[in-house]
Amino acid sequence: MNYIDHLKWRYATKKFDARKKIAPDDLKKIKEAIQLSASSYGLQLYKVLIIENPLIREQLKTASWGQDQITDASHLIVFCNYTYVEDTHVDDFLHRTAITQNIEMNNLSDYGNFMKGKIKTMTALESFQWTVRQTYLALGNLLSACAELKIDSCPMEGFEADKYNAILGLTEKGLNAAVVATIGYRSHEDHTQHRPKVRKPLEELFKAV
Ligand SMILES: Cc1cc2nc3c(=O)[nH]c(=O)nc-3n(C[C@H](O)[C@H](O)[C@H](O)COP(=O)(O)O)c2cc1C
């Protein structure tokens, strides 16, 4: 199967088979796909929660419009953006770069100051929205990686972030639930899998300029 065939295979799964679990090796590949996601400046300003605990998921379901995927999928993935961007986030990145690429910290300080300066020009809301946006790139990679592994998934915005933040204790950690994905294996009873994809034709979606 080529990449396009994998994308045609995937669909936003409404009903998972609650008995089927993702194997650890496959979960590791999905984590690596998220890890390899591009991010602004490479800062990766988010944390990804992988939730299996059924009691927590039962609570989160009530904060997710009662959607069954939250409890029935093999794993629930919550992408959490950093609420505030701090200089230490940039410094951590510079340290990682210095070690990984064998560069003197001194040689990175101009770039670090540039990033910190740019980030300081943002309002609190702008930087919040900026970190939220990064999580969607990771979400996209998760969806594609799952498709290649023949693992079903559903991207989800149908949840109350405030309630997630309270249930998962995110606010005090400087985190916010930005977007969710449920991953696992489709139930044969999920009729959505048989529906043809609804997409704009290429001629409407694209414009040669
Ligand atoms: C950011 C985002 C949020 C979504 N939220 C939900 C959701 O809360 N519940 C759900 O069942 N589907 C959700 N979807 C799935 C979309 O409805 C679905 O991707 C779209 O209808 C296209 O169908 P397909 O993914 O099956 O091709 C979401 C999709 C995206 C990208």
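For ligands, and for the atoms within them, numbers begin at 1 and follow the listed sequence. Because the structure is a prediction, the values reported are computed rather than measured.
The protein reaches atom 18 (C) of ligand 1 closely, with a heavy atom under 4.0 angstrom from it. Closer than 4.0 Å to atom 21 (O) of ligand 1 lies none of the heavy atoms of the protein.
Aromatic rings of Tyr164 and Phe159 (six-membered ring for Trp) have centroids within the 6.0 Å cut-off, being under it.
Each of the following atoms of ligand 1 lies closer than 4.0 Å to a heavy atom of Tyr11: 26 (O). Against a heavy-atom cut-off of under 4.0 Å, Ala12 is close to the following atoms of ligand 1: 15 (C), 18 (C), 19 (O), 24 (P), 25 (O), 26 (O). Close approach of ligand 1 to Lys14 is summarised as follows: ligand atoms under 4.0 Å from at least one heavy atom of the residue are 10 (C), 11 (O), 12 (N). Close approach of ligand 1 to Lys197 (heavy-atom distance below 4.0 Å) involves ligand atoms 24 (P), 26 (O), 27 (O). Taking every non-hydrogen atom of Gln69 and a distance limit under 4.0 Å, the qualifying atoms of ligand 1 come out as 11 (O).
A salt bridge does not link Lys29 with Glu148: every distance from a Lys NZ or Arg NE/NH1/NH2 to an Asp or Glu carboxylate oxygen is 4.0 Å or more. Using a cut-off of 4.0 Å between Lys/Arg side-chain N and Asp/Glu carboxylate O, Asp68 and Lys14 are scored as not salt-bridged.
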### Query
Are Tyr136 and Glu157 close enough, and set up right, to give a side-chain hydrogen bond (donor to acceptor under 3.5 Å, both in side chains), and what steps lead you there?
CA-CA 11 Å; Tyr136 281 74; Glu157 274 178 334; 2.5 Å; yes
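Among protein heavy atoms, the minimum distance from atom 23 (O) of ligand 1 is reached at Arg199 NH1, 3.9 Å.
At least one N/O-N/O distance between Gly158 and ligand 1 falls below 3.5 Å. Taking distance alone, with nitrogen or oxygen atoms compared against 3.5 Å, Arg10 approaches ligand 1 more closely than that limit.
Proximity annotation for atom 14 (N) of ligand 1: of Pro155, Ala181, Ala178, Pro155 comes nearest, heavy atoms only. With Arg195, Gln67, Met156, Glu157 as candidates, the residue nearest to atom 9 (N) of ligand 1 on a non-hydrogen basis is Gln67.
Between the side chain of Ser74 and the backbone N or O of Ile22, at least one donor-acceptor pair lies under 3.5 Å. Judged by distance alone, with hydrogens and angles left aside, the side-chain atoms of Ser109 form no donor-acceptor pair with the main-chain N or O of Met105 at under 3.5 Å.
For the pair Phe79 and Ile34, the minimum side-chain heavy-atom distance is below 4.5 Å. Using a 4.5 Å cut-off on side-chain heavy atoms (C-beta onward), Ile70 and Met156 make contact. The side-chain heavy atoms of Arg186 and Lys20, taken from C-beta on, include no pair separated by under 4.5 Å.
In Tyr136, the part holding a heavy atom less than 4.0 Å from any atom of ligand 1 is the side chain. Neither the backbone nor the side chain of Ser64 comes within contact range of ligand 1; no heavy atom lies under 4.0 Å.
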